[in-house]
Amino acid sequence: KKQLKYGAQYKGKREDAAMQKWRSNRFGQFIHWGLYAIPGGEWKGKTYPYAAEFLKSSAHISNATWDSLSYKFNPVKFDPKAWAKMAKNMGVKYMTITTKHHEGFSLWPSKYSEFNVANTPYKKDIIGALVKAYNSEGIDVNFYYSVLDWHHPDWRYDIQSKEDSIAFSRYLNFAQNQLRELAENYPTVKGFWFDGTWDKSIKKNGWWTLKIEKMLKEIRPGVVVNSRLRADDFGSRHFDSNGDMMGDYESGYERRLPSPTDTQVIHRDWEACMTIPENQWGYHKKWDISYTKTPFELIEMLAQTTSLGGNFLLNFGPQADGMIRTEEQQIAETIGNWMKINHPAIYNGGYAKGWQRQDWGYFTQNEKDKKLYAIVFNIPISGILKIQTPEGVSIGKASLLENTNSKITIKEIAKRQINLYLPKQSFPAPFVIVLDTANENKNNYIDAKT
Ligand SMILES: COc1ccc([C@H]2[C@H](O)[C@H](O)[C@H](C)N2C)cc1
C-alpha cells in the first residue's frame with residue numbers, strides 16, 4: 001500500500017441520505033447543449049461524422065471563428081419547463097447539464113469568463129432556468145463541468161516549462177472560481193460530473209482534484225462527485241495507486257456497460273452515460289449519420305445497469321433554437337410509457353444478491369419494498385423462465401407487475417431450480433414479473449454424488 005496524499009478519501013459506499021437518494025434515482029437525463037448545437041456537425045457545407053461537440057477540432061476551426069458562434073447563440077424556442085415536463089414524463093429522477101463543455105462556453109453568467117451566455121443575443125441564465133424548472137418537477141440537477149477548456153488561454157495539455165506551470169496554475173484558479181460560483185449560486189445542485197481530465201496537465205496536479213472535491217463538499221454538504229475528476233499523487237485516475245476508487249461513484253462507463261455477469265461493479269456506486277446515436281453527445285443535424293438506439297434497447301440498458309447496482313444517464317442533445325428534436329421526444333415518450341408501469345423494478349432497484357443472471361432478462365431487488373423483480377426481454381420458445389434461487393430461498397408467488405391478479409404458475413423442478421410458466425398471451429414489450437420470495441430450508445432433494 002502506497003502512502004497517498006491525494007488518493008481515495010474513504011473506502012466502500014457512502015451511506016448518507018444524499019448518496020442514498022442519488023443511488024435510488026437510478027435513471028437520469030444527460031443534456032449536452034452549447035455553441036456546438038449551432039453548426040450541428042456541419043461546417044462550410046460539409047457534414048462531419050464525428051461527435052458534433054467536437055466539430056471545432058474535426059473541422060480544424062480556429063478559436064476566433066468558433067468563439068464568434070456566441071454572437072449567434074439565441075435559442076428563442078428554449079422552454080425549460082417543457083424540457084422538464086418531457087423529462088418527468090420519461091421517468092428520470094435526475095438530470096445532468098453541461099454547464100461548460102470543452103469549448104469553454106459557460107451556460108451561466110459567470111463572473112470569471114466573458115465567454116458566457118450573458119454575452120449572447122439570448123442573454124439569460126440557462127443553468128438557473130433549468131435548475132428551477134427541473135427542481136419544480138421534483139428532478140434533482142447535477143452539473144457537468146469540463147476541466148479541459150479549448151477557449152481559455154491558460155489551459156495546458158501538459159506542463160513542459162515554467163511558463164506552462166504559471167499559466168496552468170492561473171487556469172486551475174479560474175476553474176476553481178467557476179466551480180465555487182456554481183456551487184454557491186445554485187444551492188440545490190446535487191452533484192458534479194467532471195469531464196476533460198485525461199490530459200497530463202491534470203494528472204500532474206492530482207492535488208487540485210482533491211482540493212476541488214473538498215471545496216464542493218464544504219460548500220454543498222452531501223454533494224456527489226464522480227471518479228472522473230480525480231487523479232492521485234502519481235497521476236492515477238478514477239482509482240488511486242492502491243486501487244481504491246476516488247470520488248463517490250465510478251464514471252468510466254461512457255457509451256458502454258459492464259457485462260451482465262461482471263459482478264465486480266456491485267461493490268461500488270457507478271453510473272453509465274449513454275448516447276442514443278453511436279457517438280453524438282451534442283446536436284447533430286444528421287441524426288441518422290450513425291445507428292440510433294431504439295427505446296427497447298435503451299430500456300434494456302437501463303434494466304441491465306439497475307440489475308448491477310448502477311445509474312443510467314441517457315443523453316439528449318437539444319437544437320440551437322432550444323427545441324428537443326422530435327426523434328428524442330418520441331423516444332422519451334416511449335420510455336416514459338414503459339416506466340409508468342414498470343418503475344418499481346427501477347427506482348430504489350439494485351443488485352439481487354444470489355439470483356443467477358438468466359438469458360431471458362434481469363433481476364432487480366428493490367431496497368424499499370424488498371421485492372424481487374424479473375425484467376423480461378427474451379421469451380424462451382418453451383414459454384418457461386428458468387430461475388435458480390439462492391440457498392434457502394424459495395419463491396412464494398409470482399405475478400405480472402402490470403396485472404398483479406395474474407397468478408403465474410411456478411414449479412420447483414430440482415434443488416433451487418424453478419420453472420416459471422408464462423401466461424399464454426402476447427408480450428409486445430419488455431415486461432416485469434414480481435416475485436414474492438420466502439426463506440425456507442425444506443430440503444426434499446439428495447445432492448448428486450460426483
Ligand atoms: C476522445 O474521446 C472522447 C472525448 C471526450 C468525450 C466527451 C463527450 O464530448 C461527452 O461530453 C462525454 C461525456 N465525454 C466523455 C467523449 C469521447
Side-chain angles (χ1 to χ4, degrees), residues 27-41 43 48-61 66 69 92 94-107 126-127 130 141-152 155 157-158 175 178-179 182 191-203 209 224-231 237-238 247 249-258 270-285 287 289-293 298 301 305 310-318 320 328:
F27 184 26
Q29 178 191 32
F30 216 162
I31 297 178
H32 275 72
W33 204 27
L35 301 180
Y36 42 77
I38 298 171
W43 196 256
Y48 290 78
Y50 317 107
E53 73 281 2
F54 270 81
L55 181 67
K56 181 178 182 293
S57 48
S58 31
H60 310 296
I61 300 165
W66 187 265
L69 287 169
V92 296
Y94 70 103
M95 182 273 278
T96 300
I97 174 73
T98 48
T99 59
K100 185 192 83 166
H101 201 258
H102 310 332
E103 64 182 4
F105 177 71
S106 300
L107 288 182
I126 284 173
I127 296 302
L130 284 170
V141 174
N142 304 318
F143 291 155
Y144 165 111
Y145 184 86
S146 174
V147 181
L148 164 62
D149 188 320
W150 297 331
H151 169 85
H152 199 288
W155 166 261
Y157 288 97
D158 193 4
Q178 283 208 312
L179 289 160
L182 284 168
F192 282 81
W193 205 104
F194 286 92
D195 201 9
T197 50
W198 46 79
D199 290 301
K200 286 199 188 111
S201 52
I202 298 294
K203 290 181 183 173
T209 72
V224 176
V225 174
N226 67 339
S227 62
R228 193 179 281 252
L229 163 65
R230 301 276 282 102
R237 295 184 57 236
H238 293 273
Y249 66 95
E250 207 266 304
S251 63
Y253 291 101
E254 184 242 322
R255 289 179 299 128
R256 66 188 176 98
L257 299 182
W270 61 280
E271 177 195 70
C273 58
M274 191 58 66
T275 50
I276 297 175
E278 189 276 330
N279 179 27
Q280 298 296 338
W281 297 92
Y283 173 77
H284 197 293
K285 284 177 181 159
W287 169 260
I289 198 165
S290 72
Y291 178 72
T292 52
K293 300 168 189 77
L298 297 166
M301 290 180 173
T305 301
N311 281 14
F312 187 66
L313 187 61
L314 180 60
N315 185 69
F316 286 69
E328 289 180 348

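In each ligand, atom 1 is the first atom listed, and ligand 1 is the first ligand listed.
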Undergrad: Find all atoms of ligand 1 within a distance of less than 4.0 Å from any non-hydrogen atom belonging to H101, and give their numbers and elements.
TA: 8 (C), 9 (O), 10 (C), 11 (O)
Undergrad: I need the atoms of ligand 1 closer than 4.0 Å to a non-hydrogen atom of Y144, numbered in the order shown.
TA: 11 (O)
Undergrad: Does a donor on one side chain and an acceptor on the other come within less than 3.5 Å for R255 and T275?
TA: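 Their side chains do not contain a donor-acceptor pair, so the 3.5 Å distance test is not met.
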Undergrad: Scan the protein's non-hydrogen atoms and note whether one is under 4.0 Å from atom 9 (O) of ligand 1.
TA: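 True for atom 9 (O) of ligand 1.
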Undergrad: Against heavy atoms of H32, which atoms of ligand 1 measure under 4.0 Å?
TA: 10 (C), 11 (O)
Undergrad: List ligand 1 atoms under 4.0 Å from E53, heavy atoms only on the residue side.
TA: 8 (C), 9 (O)
Undergrad: Just verifying a value: how many Å separate F30 CZ and L314 CG, rounded to the nearest 0.5 Å?
TA: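 Nearest 0.5 Å value for the CZ-CG distance: 11.0 Å.
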Undergrad: Work out whether the distance between some heavy atom of R228 and some atom of ligand 1 is less than 4.0 Å.
TA: yes
Undergrad: What atoms of ligand 1 come within less than 4.0 Å of a heavy atom belonging to H102?
TA: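 So the atoms of ligand 1 that pass are 5 (C), 7 (C).
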Undergrad: Is there at least one pair of N or O atoms, one from W193 and one from ligand 1, spaced under 3.5 Å apart?
TA: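 It does not: no N or O of W193 is found under 3.5 Å from an N or O of ligand 1.
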Undergrad: To the closest 0.5 Å, what do you measure between OG1 (T99) and CG (L179)?
TA: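 T99 atom OG1 to L179 atom CG measures 7.5 Å (nearest 0.5 Å).
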Undergrad: Taking Y48's backbone N and O only, do any of them form a donor-acceptor pair with H284's side chain (distance below 3.5 Å, no angle check)?
TA: yes
Undergrad: Does W281 have its ring centroid less than 6.0 Å away from the ring centroid of Y36?
TA: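 Centroid separation for W281 and Y36: 6.0 Å or greater.
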Undergrad: For the aromatic rings, using the six-membered ring if either is Trp, is the centroid distance between W198 and H102 under 6.0 Å?
TA: yes
Undergrad: Could you tell me the residue and atom name of the protein heavy atom closest to atom 7 (C) of ligand 1, and the distance to it rounded to 0.1 Å?
TA: D195 OD2, 3.4 Å
Undergrad: Under 3.5 Å, N or O to N or O, is E254 touching ligand 1 that way?
TA: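 No; every N/O pair is 3.5 Å or more apart.
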Undergrad: Could you check whether W33 and Y144 have their ring centres less than 6.0 Å apart?
TA: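 No: the rings miss the under 6.0 Å criterion.
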Undergrad: Under 3.5 Å between some N or O of ligand 1 and some N or O of R255?
TA: no
Undergrad: Any protein heavy atom sitting closer than 4.0 Å to atom 5 (C) of ligand 1?
TA: yes
Undergrad: How does W198 reach ligand 1, if at all, at less than 4.0 Å between non-hydrogen atoms: by side chain, backbone, both, or neither?
TA: side chain
Undergrad: Looking only at atom types and distance, does a side-chain atom of D158 sit under 3.5 Å from a main-chain N or O of K200, one as donor and one as acceptor?
TA: no
Undergrad: Which residue owns the protein heavy atom closest to atom 2 (O) of ligand 1, what's the atom, and how far is it?
TA: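 The closest heavy atom on the protein side is F54 CZ, 4.9 Å.
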Undergrad: Is it the case that the side chain of S146 and the backbone of K100 share a donor-acceptor pair, with hydrogens and angles ignored and the cut-off at 3.5 Å?
TA: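 Here the side-chain-to-backbone pair does not exist.
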